[in-house]
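Let me begin by presenting the structure, written as structure tokens, before commenting on it.
Keep in mind that what you see is a predicted model, and the values were worked out from it rather than measured. Quick note on labels: first sequence line is chain A, next is B, and so on, each numbered from 1.
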Amino acid sequence: MVDATISAPASRQMARPQSSLRKTMQRKSTIAFLMALPLILMIVILVLYPAIFSIHLAMLNKSMERFVGWNNFTFLFGRQTFWMVVQQSCVFAITAVLFKAIIGFIVAHFVHNIPSKGQRKWRGMLLVPWVIPPAMSCLAWLWLFDPSYSAFNWVLALFGVGPIPWTGDANWARFSVILVNIWIGAPFFMIMYLAALKSVPDQLYEAAKIDGASWWQVIWFITLPMMRNIIAITALFSLIVTFANFDIVRVLTAGGPIDMTHVFATWSFRVGIEGGDLPLGATVSLFMVPILSVAAIFILRDITKRGSEV
Amino acid sequence: MAKKKLSRRQFVASSAAASTALIAAPYVRGAYAAGKLSIGFWDHWVPGANKATETLVKEWAEKEKVEVSMDFIPSQGNKLLLTIAAEAQAKSGHDIMAMSTWLPAEHARNLEPVDDVMADLIKQNGNVNGTVEYLGKVDGKWVGVPATVGSQIKGPCSRIDLLKQHAGIDIQAMYPVGSAPKADDWTLDAYLKAAEACHKAGFPFGIGLGTTSDNVDTAGAIFHSFGAVLVDKDQKIIVKSDPVRQALDYYKRLMAFLPPDVPAWDDASNNKWLVSGRGASIMNPPSAWAVAKRDAPQVAEQCWTHGMPSGPKGRFAPFLPYFWTTWNFSKNKSAAKSLLRHLSTRDAAEKMVVASGGYDLPSFDKLTDFKTWAEEGPPKGTLYHYPNPHNHQILSVAAAPTPHKIAVQIYVQALPTKMIVKHFQGEPMEKTLAWAESELEGFMRS
């Protein structure tokens, strides 16, 4: 009897850890965590590790033998070419995003007004530039812009115009890379805006019609406010992607002529990989972080706001 | 169960036999007794050219009992450059790696010195030119063996008919097959006059001024012809000098006769220019002619590869050697060195030259007389002067003799061509020089 009274709590104590582990394993959050673990590990290996490594690289000297702290960053502040790249990256990203948003908005309206039967075909066709791998489509554009055998110039010549140095003159080269970025990116805006347009309740338009609102008033007072969140998120998301663009500039102009089309990613590649100065290349690419972080903060704030509105 | 008792004598005898077998085992030559060797070669653009290298390596591997694996890595898309950078970072990878122009110097601290191999090869094949020595020797030590595959001179390739018709120059008479050039009158002034005449006739010379290798190489050779150096070998910036001013001024006059889009040209542009039949002359290895042979035979029949025009300081031709290097973290350095010797024999070099249709150039003095260059055509003998057989040109590389770490920046960032374009587009000379000086100060970073 005595034995029994002593042994019962002991056996309960033995059983407790097992049951608590079982409980933990049965919790939804634990299961969710375990299921997300492969993805978390992938992010750690493919995103976090390279990010930390690039910060480490950016703090080494050219031969990667000595820790130099912030020296690489201060060195870049004194370089004329660096400031030119900052300016060009901003002009490239802001101009491209602005035009992508405008074109996407207009095309989304056109597609929205097509009867639903034929809409799917148009949506599919308009998405083609966004679906083709950029390196491939850029090669096609390169042939169109080719310095000596440009197909555009051939057409222009039929009208007695040109030839235009599409990639040979600094301003034309900037125009060309922005144009291709718009061509590739506008369908993304179009599809996002189309989804937003479809979610605007028809009753609002009907009410506006009854009130005698003009086309412009409908856009300004109904469509735009209803799409505000999606416009902001799409624009900011695109700003991040455009800012970090590499392939378009690399394929079309390789940063030329006279560095006039370099953006952060292409200049970083030129300095780091081609020039054999990995620390400075890493430093150049890290300059995108503060700029893109600001954009990311806006995105997250906007998403939170949208979430609380819902 | 009956037990067999082991005597002391039997134990000693069997122990001795086992020890002998263990010690002797590594010296028994099995199929791959000498270990493994992995090689990263440059992937040749000439169809079938890799085959010659592959055969030579397999021959050697069979003889030496080494298990080899070969990767032919393309330079397009910087694949080779990225592989080398990754292997240098990881301290792991191929045992032998093909490296272009500046890479041996850049990775010198990770490379195995090959002074012993080079001493033997120089004895066997003759001297190498100053450019090979400048690029392949770091702190007095050879860090790579100049490779036949991929090494090239980027001299002029001109249209025989167009030069004769529009500029009055018989380029074949100036550079005859089988004998030394008669090119005393082939100067930069003569070149400028010919460029002007061909431009007027609607066949401009195609000299690129973009930021890629071909463009920088030509600019480098012409700068050398004026004695124009941006940074001297003691790291002193000397960009604000008269020779640099003369070179910029010359290029400004030349650029007026070039196609207007040359600042956007890449390494393919000049080839296309010649093959299209629109240009009278370009500066390139015989790849443009080889493509013309396939795509535009009537153009190829009129192409003649010849020497550079001479300037006030001499006649300089751009030479870009490839190197075969061995990482110092390679696990089979002795086998690697043995293979490098095998690939650098006269016989091996000739096989590579033949397989590449004369494109590849050995860097050693005694290996510039193969029949291929005299016999390739049409027109027959078009490549005779390509390997500089009479040493009438100084083989050079842009940015030499500047110390490597600065020179590679000058080259990769294409400082000479940017200076030329800036000045041509109307920027005053002194402003261009000041800008270049500021860029060079940035390149001094250590």
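Checking side-chain atoms of B:Q409 against main-chain N and O of A:G275 turns up a donor-acceptor pair under 3.5 Å. Side-chain atoms of B:K272 do not come within 3.5 Å of backbone N or O of A:Y149 as any donor-acceptor pair.
How far CD1 of A:I258 is from OG1 of B:T417: 9.0 Å, rounded to the nearest 0.5 Å. If you take CG on A:N153 and CG on B:D261, they are separated by 9.0 Å, rounding to the nearest 0.5 Å. In this structure, CH2 in B:W435 is found 6.5 Å from OG1 in A:T81, a value given to the nearest 0.5 Å.
Both the backbone and the side chain of A:L280 have a heavy atom closer than 4.5 Å to some heavy atom of chain B. For chain B, no part of A:W172 is nearby; none of its heavy atoms comes within less than 4.5 Å. Contacts of B:Q89 with chain A are made by side-chain atoms alone, with heavy-atom separations under 4.5 Å and no backbone atom involved. For B:P260, no part sits under 4.5 Å from any heavy atom of chain A, backbone or side chain. With a threshold of 4.5 angstrom between heavy atoms, B:Y411 does not approach chain A through any atom at all. When heavy atoms are compared at a cutoff of 4.5 Å, A:S63 approaches chain B by way of both its backbone and its side chain. Within the 4.5 angstrom heavy-atom criterion, no atom of B:W102 approaches chain A. Using a 4.5 Å cut-off between heavy atoms, A:F53 contacts chain B through its side chain alone, with no backbone atom that close.
Note on A:L278, A:V68, A:V271, A:D259: by heavy-atom pairs under 4.5 Å with chain B, the leading option is A:D259. Contact tally against chain A (heavy-atom pairs below 4.5 Å) for B:H107, B:R278, B:Q425: the top residue is B:R278. The candidate with the highest count of non-hydrogen atom pairs below 4.5 Å against chain A, out of B:I84, B:L81, B:L103, B:V421, is B:L81.
Residues A:R79 and B:S438 are in side-chain contact: their nearest non-hydrogen atoms beyond the backbone lie under 4.5 Å apart. Side chains of B:T211 and A:E274 form no contact here, defined as non-hydrogen atoms less than 4.5 Å apart.
Annotation: B:Q298, atom CD; neighbour count of heavy atoms from other residues, nucleotides and ligands within 6.0 Å is above 12. Applying the 6.0 Å contact sphere to CZ of A:F237 captures no more than 12 heavy atoms from other residues, nucleotides or ligands. Residue-environment remark: CE (A:M136) stays at or below the threshold of 12 foreign heavy atoms within 6.0 Å. By the 6.0 Å contact criterion, CZ on B:F329 is enclosed, its count of non-hydrogen atoms from other residues, nucleotides or ligands being greater than 12.
Closest approach of A:M64 to B:R109, counting heavy atoms only: CE-NH2, 4.1 Å. Between B:A264 and A:G168 the shortest heavy-atom distance is CB-CA, 3.4 Å.
Of the options A:N61, A:N72, A:N71, a side-chain hydrogen bond (donor to acceptor under 3.5 Å, both in side chains) to B:R445 is made by A:N72 and by none of the others.
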